[in-house]
Number of protein chains: 2
Amino acid sequence: MTKPPTRIQQRNQAAILTAGLDVFSQFGFRGSTLDQIAEAAGLSKPNLLYYFPSKEAIHEVLLEQLLETWLDPLRALDRDGEPVAEVLAYAQRKLALSRDYPRESRLFANEILQGAPRILDILRTDLRRMVDEKAAIIDAWAKAGKIADVDPHHLIFSIWALTQHYADFDVQVRAVLGDREPYDGATVFIETLITKVLRP
Amino acid sequence: MTKPPTRIQQRNQAAILTAGLDVFSQFGFRGSTLDQIAEAAGLSKPNLLYYFPSKEAIHEVLLEQLLETWLDPLRALDRDGEPVAEVLAYAQRKLALSRDYPRESRLFANEILQGAPRILDILRTDLRRMVDEKAAIIDAWAKAGKIADVDPHHLIFSIWALTQHYADFDVQVRAVLGDREPYDGATVFIETLITKVLRP
DNA sequence: CGTCACTTTGACCACTTGGTCAAATCAAGA
DNA sequence: TCTTGATTTGACCAAGTGGTCAAAGTGACG
C-alpha cells in the first residue's frame, strides 16, 4: 500500500539520481561524497537523505536502472536476421548508447574497475548466460558459412571495447582529436571494421 | 648533492609504490586512503609519510612512471617497416602491456574516467602530437595502396580500446569466460581483426 | 662500543564524511 | 482558514581522513 509520489518527490528524486550519476560516474562510489551529490542536486544533505536512506541506496538504484537497459542491445541480436546486419546493428546500438548515455557507461566502467563488488554475481550469471547464448548464434552463422569463423566471445568483447571506449575515454579521444567530433568517424570506422571481420 | 638511497629506502619506497598502484588502480585517487596504502605496504601511516610527503606525491610518481613507458609501443611504430606487420606488432605490444601490467592500465583508466585532471595537458600536447605523427604514417601507407584506406586515428583508438579492455574490464571478461584464459583468444582475435581491416 | 644519521611510531590535530534528529516550514485538501 | 502530512534545515555526532611532531629505536661505521 505505497502512496503515489508527490510532484516534489518526483522532482527531487530525479534530481538526486541525476546528480548521483554525474558524481559517481566521475569519481566512483568511494571517491564520491554526499555533499557533492547534494550540491549537484541543489539540495541540503539532510534533505537528500530524506529521499534516500544512504549513499549506497542512491548508487544501488543507479546501477539497477543501468543494468535494466545495458543488455538490451545485445538481447535484440536475432538469430533469424541477416548475420552481418545483425552484428552491425548491435554495434551501432551500443555506440549510440556511448554517445547518448556516456555517464551511464562510465558508472559501469567504475564499477568494473573496482572489481564489480555489487554486480559480480550478475555478470557471472545473467550476463554470462546471455553472452554464451548470443555467441552460440554467431558460431552457428559461422559454421553455416554465413560469416567468417571468428571467436564469438572475443567478437562481442571487441564490440564492447570499441564502443564503450568512446564514452569512458572521451576526454582522451577529444584531447587527441582536438575540435573534431569523434562519433561520426567512429560510426564509419566500426562499420567498416565489423564488415571486414565478418566477411567469410 | 642528493645522497644515494639506502637499502631500506629502496625497499620501502618500492613497497609504497607497489601498494599505491594496487590501491589507486582499484579505487581511483579520491577513493583511496593513506591507511589502505600503508597497510598494503606493511608500514605505519606516519612511516609512509616519511618517504613520501603526501598522498598526492605517491600518485604523481606512479603516473609519471606510467606515462614514461605507456607510449613506448606506439613510439616504436616504424614508417619504414612493413605496414601490416608494424600495426600488428603495435597491437600485440599493447596487448602484452595489458596482460603484464593490468594495474598500470587501470590506473590510467581511472585517471581518464575522472577527467584526466593531472595529465590533460600531456594528452593534448605529447600524446596528440605522437598520435598525429603515427596517423600520418598510416595514412601515407594507405595512400600508397599498401593497406586499406581506414581512418588512422580511429584505427589507433580501436587498438587502445581492444587491448586495454582486457586489463580494465578483466573482471567482466573473466566472469563471462569462466575458467577460460582470455589472452590467448584475444591475441588471435586481434591479429585476425587487424589483418582483415588493413587488407587493401 | 659509541655515535650519529636514518627510521619508526604513538599521540595528536583539524577537517571531512556519512548519517541523525528535533524543530521549523510549507502545501494542499477539508 | 485550519489542519495535517510532507518537506526542509541547522545543529550535531562518531568515525574516518590526510597530515604533523616529538620522542624512541635502530643500523652502520669509525
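Reminder, nothing fancy here: chain letters follow the sequence lines and each chain counts from 1. For clarity, every value in this text was computed on a predicted model and none was experimentally measured.
Pairing each heavy atom of A/Phe169 with each of B/Ala109, the nearest pair is CZ-CB, 3.9 Å. Closest heavy-atom contact between A/Ile37 and A/Ala19: O-CB, 3.5 Å.
Rounded to a whole Å, the CZ atom of A/Phe52 is 19 Å from the C1' atom of C/dT20. The interatomic distance linking A/Ile37 (CD1) with C/dG19 (C1') rounds to 13 Å, in whole Å. Separating the CD atom of A/Glu56 from the P atom of C/dT17 is a distance of 18 Å, rounded to the nearest angstrom. Put simply, CD on B/Gln36 is 17 Å from C1' on D/dG19, counting in whole angstrom units. In this structure, B/His59 places its NE2 atom 13 Å from P of D/dG19, rounding to the nearest Å. As a whole-Å value, the separation of B/Lys55 NZ from D/dG19 C1' is 12 Å. When rounded to the nearest whole Å, the span between CG of A/Leu49 and C1' of D/dC13 equals 14 Å. One atom, CG of A/Leu34, and another, C1' of C/dT20, lie 13 Å apart when rounded to the nearest Å.
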Determine whether B/Ile138 and B/Trp141 satisfy the following criterion, side chain to side chain contact (heavy atoms under 4.5 Å, CB included), listing intermediate values before the conclusion. CA-CA 5 Å; B/Ile138 294 171; B/Trp141 288 337; 4.2 Å; yes
Before giving the answer on salt bridge (charged side-chain N to carboxylate O under 4.0 Å, His left out), spell out for B/Arg118 and B/Glu111 the whole-Å C-alpha distance, their side-chain angles and the decisive distance to 0.1 Å. CA-CA 8 Å; B/Arg118 295 154 232 276; B/Glu111 174 69 12; 3.5 Å; yes
Tell me, with the steps shown, if A/Arg75 and A/Asp72 meet salt bridge (charged side-chain N to carboxylate O under 4.0 Å, His left out). CA-CA 5 Å; A/Arg75 200 174 285 120; A/Asp72 282 350; 2.4 Å; yes
Can you check side chain to side chain contact (heavy atoms under 4.5 Å, CB included) on B/Glu60 and B/Glu64, steps first, answer last? CA-CA 6 Å; B/Glu60 198 185 319; B/Glu64 271 167 27; 3.4 Å; yes
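Counting non-hydrogen atoms under 4.0 angstrom, B/Arg7 reaches the backbone sugars and phosphates but no base.
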Between the protein and nucleotides 8-10 of chain D, are there any N/O to N/O pairs under 3.5 Å, and if so, what are the atom names and distances?
unit_1: D/dT8; atom_1: OP2; unit_2: A/Asn12; atom_2: ND2; d: 2.9
unit_1: D/dT8; atom_1: OP2; unit_2: A/Asn47; atom_2: OD1; d: 3.2
unit_1: D/dT8; atom_1: OP2; unit_2: A/Asn47; atom_2: ND2; d: 3.1
unit_1: D/dT8; atom_1: OP2; unit_2: A/Tyr51; atom_2: OH; d: 2.7
unit_1: D/dT8; atom_1: O5'; unit_2: A/Asn47; atom_2: ND2; d: 3.1
unit_1: D/dT9; atom_1: OP2; unit_2: A/Ser44; atom_2: OG; d: 3.3

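Between the side chain of B/Arg106 and the backbone N or O of B/Ser25 there is no donor-acceptor pair closer than 3.5 Å.
Annotation: of the two residues near DNA chain C, A/Asp35 and A/Pro53, the 5′-most nearest-nucleotide partner is A/Asp35.
A close approach under 4.0 Å does not occur between any side-chain nitrogen or oxygen of B/Gln9 and OP1 or OP2 of C/dC6.
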